[in-house]
Structure formats: structure tokens, C-alpha cells
Amino acid sequence: MGGGEVSKEMGACSLAYRRGDQKLRKFVTARSTKFLLFCCIAFVLVTIVCRSSRPWVNSSIAVADRISGSRKGYTLLMNTWKRYDLLKKSVSHYASCSRLDSIHIVWSEPNPPSESLKEYLHNVLKKKTRDGHEVELRFDINKEDSLNNRFKEIKDLKTDAVFSIDDDIIFPCHTVDFAFNVWESAPDTMVGFVPRVHWPEKSNDKANYYTYSGWWSVWWSGTYSMVLSKAAFFHKKYLSLYTNSMPASIREFTTKNRNCEDIAMSFLIANATNAPAIWVKGKIYEIGSTGISSIGGHTEKRTHCVNRFVAEFGKMPLVYTSMKAVDSRNLWFW
């Protein structure tokens with residue numbers, strides 16, 4: 001066989017080998033892709049079956065809930081103003097929460113609550129009675145119309161925990177109970193669902209000046225420095241501190257400007273603890289359509305409040321944090 005023939009034969013063999021290798025690679029790649037896809041589908045199906053069929057998972061959650069339920073519950077402190085339909089919806093919803101002990105409605109309207117309203121709410125609570133325990137309902141009547149009323153001292157509270165909430169916001173009971181568990185692990189701090197943040201002004205002519213920022217700033221930076229009292233747990237002792245120890249000028253300022261009582265409470269608790277608040281992740285259902293935050297210039301007013309309170313306290317007490325509490329029982333992975 002001549003050299004040319006050998007060379008042609010070797011070239012043909014090489015070409016056949018490359019084609020065979022390409023076909024093999026395509027075959028292996030296709031099979032691998034199908035295999036991986038099959039594994040992913042199988043994993044999802046097995047996970048669903050396991051989550052629904054493992055009795056020890058549900059029983060462990062039940063045990064945890066029983067342990068939590070054996071401890072003292074919390075007081076719902078609800079702020080309202082001439083939105084009776086929203087008030088009825090909110091009270092009816094939270095009355096179903098297993099760890100709720102009592103409801104205090106902060107009433108600052110010029111006229112007292114009507115007998116029909118009180119009767120309706122009392123009937124709702126009677127229907128939601130659990131194990132012979134009926135949730136106590138009380139209207140805390142205030143003569144003066146002031147935002148400070150929502151933090152007015154209540155001397156005969158039966159629980160240490162206070163859940164401050166607006167009448168137009170609803171959270172599922174299991175979410176509230178989880179937040180309450182978080183608060184029990186750190187009862188001196190503020191635990192809430194609505195985080196906000198302040199930022200120092202970078203310009204040289206505004207030293208020690210701060211800007212108030214809302215949810216999008218928190219989302220973008222992953223940082224917050226306060227949680228709003230429109231949906232937050234705190235210890236009842238802070239009601240006394242707010243009423244009796246907070247600088248009177250701050251209370252007068254919030255009454256006059258009808259804003260920022262929630263920032264004042266955040267300042268008060270942070271100043272007392274030197275610790276950050278704790279943000280609990282939870283789905284918020286807003287059943288109202290209007291509020292102070294919908295008014296123009298809201299952020300600028302809040303920024304003014306922050307800097308006014310810094311001057312009153314003589315420092316910035318708010319502490320930054322990136323911690324977020326999440327109920328892992330409702331997650332696929334954790």
C-alpha cells in the first residue's frame with residue numbers, strides 16, 4: 001500500500017471517528033439533560049409528598065404552637081378614627097387569633113362610640129370565644145384629639161406584650177403569632193412588620209442632618225433602622241415611658257403637626273435599649289385607602305421630625321440592622 005493510500009485511509013478513519021464522537025456527545029448531552037430534568041421533577045414531587053405525608057412535621061408545629069399558647073398572650077392596641085366599617089372588619093379578624101388576650105381601641109373622636117357599635121363588637125367577640133375565654137374589649141376614651149393617645153399609659157394591662165396596629169391593616173393570625181414569638185425572644189426591643197430607614201446627609205453644610213426614607217430604600221439597601229408602630233409589638237412599659245418620660249416638647253410637636261408619633265416611639269425604645277428593632281416578614285393586607293402617608297410632602301415632614309427628635313434627644317439613637325425574621329415553616333427551603 002502506497003503512502004498516499006495510507007494517508008487517505010487514515011483521514012477517512014479520523015473523519016469517521018470525529019463524526020462518531022459528535023454523535024456520542026449529542027446523545028450523552030440529550031440523555032443528561034433529560035436525566036437532570038427528570039431528577040428535578042422527581043425531587044419536587046417527592047418534596048410535596050413528604051411535606052404532606054410526614055406526620056411528625058405537622059405534629060412538631062402543633063407542639064410548638066401549644067408551647068407558645070401556654071404562655072401569656074398579648075394586648076391588641078388599635079388606633080382608629082371615624083372608619084367604623086374598617087374597625088368592625090379588623091376586630092372581627094383579630095378576634096380569631098389564638099394568643100390574643102384583649103383589645104383596646106384608642107378612641108379620640110369628639111363623640112363617644114355608639115351603643116350599636118359597641119354591641120356589634122361585643123357580639124363578634126362572643127362568637128369567637130375559645131375554650132371558655134372571651135377576648136376582653138375596651139374603648140380607651142380620650143378627650144383630646146392627639147396622635148399621642150395611641151401610646152397613652154394603660155395601667156391595668158394584663159399582658160406585657162402590646163401589639164400596636166392601625167384599623168386599616170390586617171395580618172394573618174399565624175403571622176401575628178410568629179411575630180409575637182420573635183418579640184418574646186427579645187421583649188425589650190420593638191418587633192414589627194413595616195421597616196423604615198434614616199440616612200445621614202453627606203453634604204458638608206448639613207452635618208448631623210438625616211433624611212427619612214421609605215420602603216424602597218429599605219428594599220434597595222437591605223438595611224433599616226426602625227419599624228413603624230402601625231404594626232408592631234413592644235413592651236407595655238414603653239407606654240409609661242412615652243407618657244411620663246418622653247420630652248414634653250416632642251409630644252407637643254406630634255400633636256401640633258399630626259405626624260411622627262411612631263418615629264418618636266422608635267427613638268424612645270432605641271434610646272432605652274441601644275439596640276435595633278426587628279423586622280418580621282409578613283404579608284400585609286391594607287383594607288383602607290387613605291391615610292397620613294398619602295398626603296403630599298409626607299417624606300419631607302418625616303425628615304423634619306427625625307432631625308427635630310435628634311435635637312431633642314441630643315443624639316441619633318436609632319441603630320441600623322439588616323436582620324429579618326422569617327417563619328421557616330412556610331418556606332420550601334431555609
Side-chain angles (χ1 to χ4, degrees), residues 74-97 100 102-128 135-154 157 162-173 176 192-194 196 214-215 227-234 239 242-243 250-266 284-302 305:
Y74 57 86
T75 296
L76 188 73
L77 187 61
M78 183 175 293
N79 195 54
T80 187
W81 176 263
K82 295 185 177 182
R83 301 192 291 191
Y84 309 132
D85 289 341
L86 298 186
L87 178 62
K88 291 177 180 179
K89 289 180 182 179
S90 293
V91 171
S92 180
H93 168 73
Y94 289 112
S96 300
C97 296
L100 176 66
S102 61
I103 299 176
H104 283 247
I105 299 175
V106 180
W107 192 271
S108 302
E109 298 180 19
N111 298 318
S114 67
E115 291 300 321
S116 60
L117 176 62
K118 291 192 289 185
E119 182 179 1
Y120 178 90
L121 296 180
H122 280 293
N123 287 335
V124 166
L125 295 180
K126 286 182 180 179
K127 293 179 181 179
K128 302 292 179 70
V135 174
E136 179 187 359
L137 174 67
R138 196 170 85 181
F139 285 86
D140 294 335
I141 308 297
N142 298 282
K143 295 180 180 180
E144 180 187 14
D145 176 18
S146 170
L147 290 177
N148 294 313
N149 292 338
R150 72 180 307 161
F151 301 135
K152 201 170 184 179
E153 182 180 13
I154 305 174
L157 278 183
V162 173
F163 182 40
S164 175
I165 190 80
D166 283 353
D167 60 4
D168 60 349
I169 298 178
I170 284 179
F171 293 91
C173 287
V176 178
F193 294 100
V194 186
R196 293 293 184 263
W215 160 246
V227 292
L228 301 186
S229 58
K230 66 189 298 180
F233 280 94
F234 53 80
L239 296 177
Y242 190 99
T243 303
I250 291 181
R251 294 197 302 274
E252 292 168 1
F253 178 86
T254 58
T255 297
K256 180 180 179 180
N257 292 274
R258 297 195 61 79
N259 207 330
C260 300
E261 83 290 348
D262 50 354
I263 297 178
M265 177 58 88
S266 291
I284 302 176
Y285 297 92
E286 298 191 31
I287 59 176
S289 59
T290 59
I292 293 177
S293 60
S294 63
I295 300 175
H298 178 69
T299 299
E300 291 74 14
K301 293 177 182 177
R302 306 277 278 181
C305 291

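It should be emphasised that the depicted structure is a prediction, and the values quoted were computed from it without experimental measurement.
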side-chain contact (heavy atoms from CB on, under 4.5 Å) evaluation trace for Glu136 with Thr75: CA-CA 9 Å; Glu136 179 187 359; Thr75 296; over 6 Å; no

Salt bridge (charged side-chain N to carboxylate O under 4.0 Å, His left out) between Asp168 and Lys230, worked out: CA-CA 9 Å; Asp168 60 349; Lys230 66 189 298 180; 5.9 Å; no

Audit row: Thr255, Asn148, side-chain contact (heavy atoms from CB on, under 4.5 Å) steps and yes/no: CA-CA 7 Å; Thr255 297; Asn148 294 313; 2.9 Å; yes

side-chain contact (heavy atoms from CB on, under 4.5 Å) assessment of Val194 paired with Arg196: CA-CA 7 Å; Val194 186; Arg196 293 293 184 263; 3.4 Å; yes

Lys301/Asn257 under side-chain contact (heavy atoms from CB on, under 4.5 Å): CA gap, chis, key distance, verdict: CA-CA 9 Å; Lys301 293 177 182 177; Asn257 292 274; over 6 Å; no

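Around NZ of Lys89, the count of heavy atoms belonging to other residues, nucleotides or ligands within 6.0 Å does not exceed 12.
The closest donor-acceptor contact from the side chain of His93 to the backbone of Phe171 lies under 3.5 Å. The backbone N or O of Asp167 lies less than 3.5 Å from a partner atom in the side chain of Ser90, making a donor-acceptor pair. Between the Asn149 side chain and the Glu144 main chain, a donor and an acceptor come within less than 3.5 Å of each other. With hydrogens and angles disregarded, a donor-acceptor distance shorter than 3.5 Å links the side chain of Ser164 to the backbone of Ser229. In terms of modelled atom types and a separation under 3.5 Å, the side chain of Thr243 and the main chain of Phe151 share a donor-acceptor contact. Under a 3.5 Å cut-off, the side chain of Asn123 and the backbone N or O of Tyr120 do not form any donor-acceptor pair. For the pair Asn142 (side chain) and Asp140 (backbone), a donor-acceptor distance under 3.5 Å is present.
Nearest heavy-atom pair across Leu87 and Met78 is CD1-SD, 3.5 Å. Of all heavy-atom pairs spanning Ile169 and Ile287, the tightest one is N-CG1, 4.4 Å. Residue Ser146 comes nearest to Ser108 through the heavy atom pair O-OG, 4.2 Å, listed as atom of the first residue, atom of the second, then distance. Taking each heavy atom of Ala232 and Val227 in turn, the nearest pair found is CB-CG2, 4.5 Å. Nearest heavy atoms, Leu125 versus Val135: CD1-O, 3.4 Å.
Side-chain atoms of Pro113 and Ile141, non-hydrogen and from C-beta on, do get closer than 4.5 Å to each other. A heavy-atom distance below 4.5 Å is found between the side chains of Tyr74 and Cys97. Put simply, the side chain of Val106 does not reach to within 4.5 Å of the side chain of Lys152, judged on heavy atoms.
Taking the six-membered ring where tryptophan is involved, the planes of Phe163 and Phe193 are perpendicular, since the angle between them exceeds 60° and thus also 30°.
One finds a salt bridge joining Arg150 and Asp166 here, because a Lys/Arg side-chain nitrogen approaches an Asp/Glu carboxylate oxygen to under 4.0 Å.
Atom CG of Leu76 and atom CG of Leu100 lie 6.0 Å apart (nearest 0.5 Å). Between the CG atom in Leu77 and the CZ atom in Arg138 there is a gap of 10.5 Å [rounded to 0.5 Å]. Within the model, atoms CD1 of Ile263 and CE of Met265 stand 13.0 Å from one another, a figure rounded to the nearest 0.5 Å. To the nearest 0.5 Å, atoms OG1 (Thr80) and CD (Glu109) are separated by 6.5 Å. Note that the NZ atom of Lys118 and the CG atom of Leu137 stand 9.5 Å from one another [nearest 0.5 Å]. Atoms CZ and CD1, from Phe139 and Ile103 in turn, are 9.5 Å apart once rounded to the nearest 0.5 Å.
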